Amino acid sequence: MELLLRQIPEGMFSTYDAIAIALGDIIARDAVREFAGIKAGGKVIPGIEDGIMLFDKFETEFPLKKLRNEQIMMSKRVVTEDDFEKIERIAGMDVAYRGNTAYGAYVEMDMKGNVIEKNTETMEVNFPYIPTYFSYRELPVLEKLLEGRHPDIVMVNGSGIAHPRHFGMASHLGVLHSLPVIGITKRLLCGEVRGKYIYMGKEKVGAVYGKKPIYISPGHKISVDSSVAISKELCRYRIPEPLMQAHVLATETKNENNL
DNA sequence: GCGACAG
DNA sequence: ATCTTGTCGC
């Protein structure tokens, strides 16, 4: 992004849309708005205006297009059937932020809800939040939290295969570590709800659960129905307990460090 | 064609 | 996700 902003000649302007397109996906427009508002010194404006010199001939390799292709390639390795021996240790991971500093938390428990192990990590992140590219921001933190740990299954706050390229963060994590992962979100990224399930066309990619619903989609090595069964069993409140506790721990960690 | 879009 | 006060309800 910095490289693109630097290309805008003196006296000319560019727009959120033009830069998002140069990045490789118009969906990045909001991230451009946040970033450019501070960094571009007024050279980036919301839209085309009368009497300005618009610059949109960026030299670019469309980086998001490469990430998109990577997602499509890796999505072929996703397994959406149960592929595990036992489920005794379930880990939940969540991340809280202050600016570019990420505070990650890991909470591992048994199926009764007893905590077995906890871990926290702090690191800098640079990739912005861009819908459908979420894992490129948060996955490094999750991987660091997971180092040296061996849960039977993991739950994360993000989509699994309920993703435009069937490769949300839960799938990304699962494939990279060959680990069963369940994706849980409070809002639906993609797909449509019919009854208790989420579909993308004819394909069932997840399920809805709860009065104030959460959206559950398999990331890797687990089926839709098993994802729901396990989530359900660990739901004391709206969000399954491992994620709930990881959220609390991440927030506490953020507030301890500085403030 | 247009807008919306996990955390 | 984060920025934030009070406030409705069990």
Side-chain angles (χ1 to χ4, degrees), chain A residues 15-17 20-21 23-35 37-38 46-47 64 67-68 71 75 78 92-106 122-143 145 154-174 181-193 198 200 205-220 227 231 236-240 243-244 246-255 257-259:
Chain A
T15 63
Y16 302 155
D17 282 13
I21 290 165
L23 286 171
D25 197 331
I26 187 66
I27 203 171
R29 178 201 293 144
D30 284 351
V32 173
R33 178 172 43 70
E34 284 188 27
F35 187 87
I38 313 164
L64 292 179
L67 299 184
R68 216 154 53 233
Q71 290 176 326
S75 72
V78 170
M93 296 195 279
D94 191 30
V95 182
Y97 296 88
R98 179 187 292 116
N100 290 328
T101 308
Y103 302 88
Y106 172 102
T122 300
M123 65 187 283
E124 295 300 305
V125 297
N126 292 303
F127 201 96
Y129 168 68
I130 302 173
T132 76
Y133 301 88
F134 181 41
S135 63
Y136 293 99
R137 173 174 176 78
E138 197 158 288
L139 195 59
V141 185
L142 303 187
E143 297 201 88
L145 285 167
V154 172
M155 305 178 81
V156 298
N157 289 313
S159 302
I161 59 172
H163 177 279
R165 295 171 285 284
H166 301 281
F167 202 67
M169 186 167 67
S171 300
H172 204 150
L173 179 68
V181 181
I182 301 173
I184 307 276
T185 62
K186 298 184 218 43
R187 299 186 306 182
L188 194 56
L189 169 64
C190 131
E192 62 181 77
V193 176
I198 303 163
M200 288 170 68
V205 294
V208 186
Y209 173 69
K211 180 132 199 289
K212 185 170 168 63
I214 58 172
Y215 303 95
I216 303 170
S217 70
H220 186 49
S227 299
S231 303
R236 207 150 102 82
Y237 303 107
R238 182 188 181 202
I239 306 296
L243 286 178
M244 192 83 255
H247 179 74
V248 170
L249 181 55
T251 304
E252 285 174 353
T253 306
K254 181 188 75 170
N255 292 332
N257 290 275
N258 194 342
L259 239 186

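Note: hydrogens, waters and symmetry copies are ignored here, and every other heavy atom, side chains too, is used. Because the structure is predicted, anything quoted here is derived from the model rather than measured.
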Roughly, in whole Å, what's the span from [atom1] in [X] to [atom2] in [N]?
X	N	atom1	atom2	result
A:Met155	B:dA6	CE	P	19 Å
A:Phe127	B:dG7	CZ	P	17 Å
A:Leu142	B:dG7	CG	P	13 Å
A:Arg33	B:dC5	CZ	P	12 Å
A:Ile130	B:dA6	CD1	C1'	13 Å
A:Glu138	B:dA6	CD	C1'	10 Å
A:Ile26	B:dA4	CD1	P	12 Å

ask   = Do the non-hydrogen side-chain atoms of A:Ser159 and A:Thr185 ever get within less than 4.5 Å of each other?
value =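 Answer yes - side chains close enough.
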ask   = With side chains defined as the heavy atoms from C-beta onward, is the minimum distance between A:Val193 and A:Tyr215 less than 4.5 Å?
value =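 The answer is yes; the side chains approach within 4.5 Å.
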Bracket string, DNA chain C, 5' to 3' - pairs by Watson-Crick or G-U geometry under 3.5 Å, | interstrand = ..........
side-chain hydrogen bond (donor to acceptor under 3.5 Å, both in side chains) against A:Glu192, all qualifying residues, sequence neighbours excluded =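 A:Glu192 satisfies side-chain hydrogen bond (donor to acceptor under 3.5 Å, both in side chains) with A:Arg194 only.
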inquiry  = Which residues pass the side-chain hydrogen bond (donor to acceptor under 3.5 Å, both in side chains) test with A:His172, not counting sequence neighbours?
reply    =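 side-chain hydrogen bond (donor to acceptor under 3.5 Å, both in side chains) list for A:His172, sorted by chain: A:Ser135.
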request  = Can you label the angle between the A:Tyr136 ring and the A:Phe127 ring as parallel, tilted or perpendicular, going by 30° and 60°?
outcome  =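 Correct class here is tilted.
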Please list each protein N or O that sits under 3.5 Å from an N or O in nucleotides 7-10 of chain C, with the distance.
none

Measure all distances between protein nitrogen or oxygen atoms and nitrogen or oxygen atoms of nucleotides 1-6 of chain C, and list the pairs falling under 3.5 Å.
unit_1: C:dT2; atom_1: OP1; unit_2: A:Tyr97; atom_2: N; d: 3.3
unit_1: C:dT2; atom_1: OP1; unit_2: A:Lys254; atom_2: NZ; d: 3.3

ask   = Of the residues in residues 162-173 of chain A, which ones touch DNA chain B at a heavy-atom distance under 4.0 Å?
value =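 Result for residues 162-173 of chain A: A:His163, A:Gly168, A:Met169, sorted by number.
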ask   = Do A:Ser159 and B:dA6 share a donor-acceptor pair, side chain to base, under 3.5 Å?
value =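 Flag set: donor-acceptor pair detected.
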request  = Rounded to the nearest 0.5 Å, what's the gap from OH on A:Tyr16 to CG on A:Asp30? Could you check?
outcome  =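 CG of A:Asp30 is found 9.5 Å from OH of A:Tyr16.
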query = So, is the end of the A:Arg165 side chain (NZ or CZ) under 6.0 Å from the ring centre of A:Tyr133 and within 45° of the ring's axis?
reply =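 Pair A:Arg165/A:Tyr133 counts as cation-pi.
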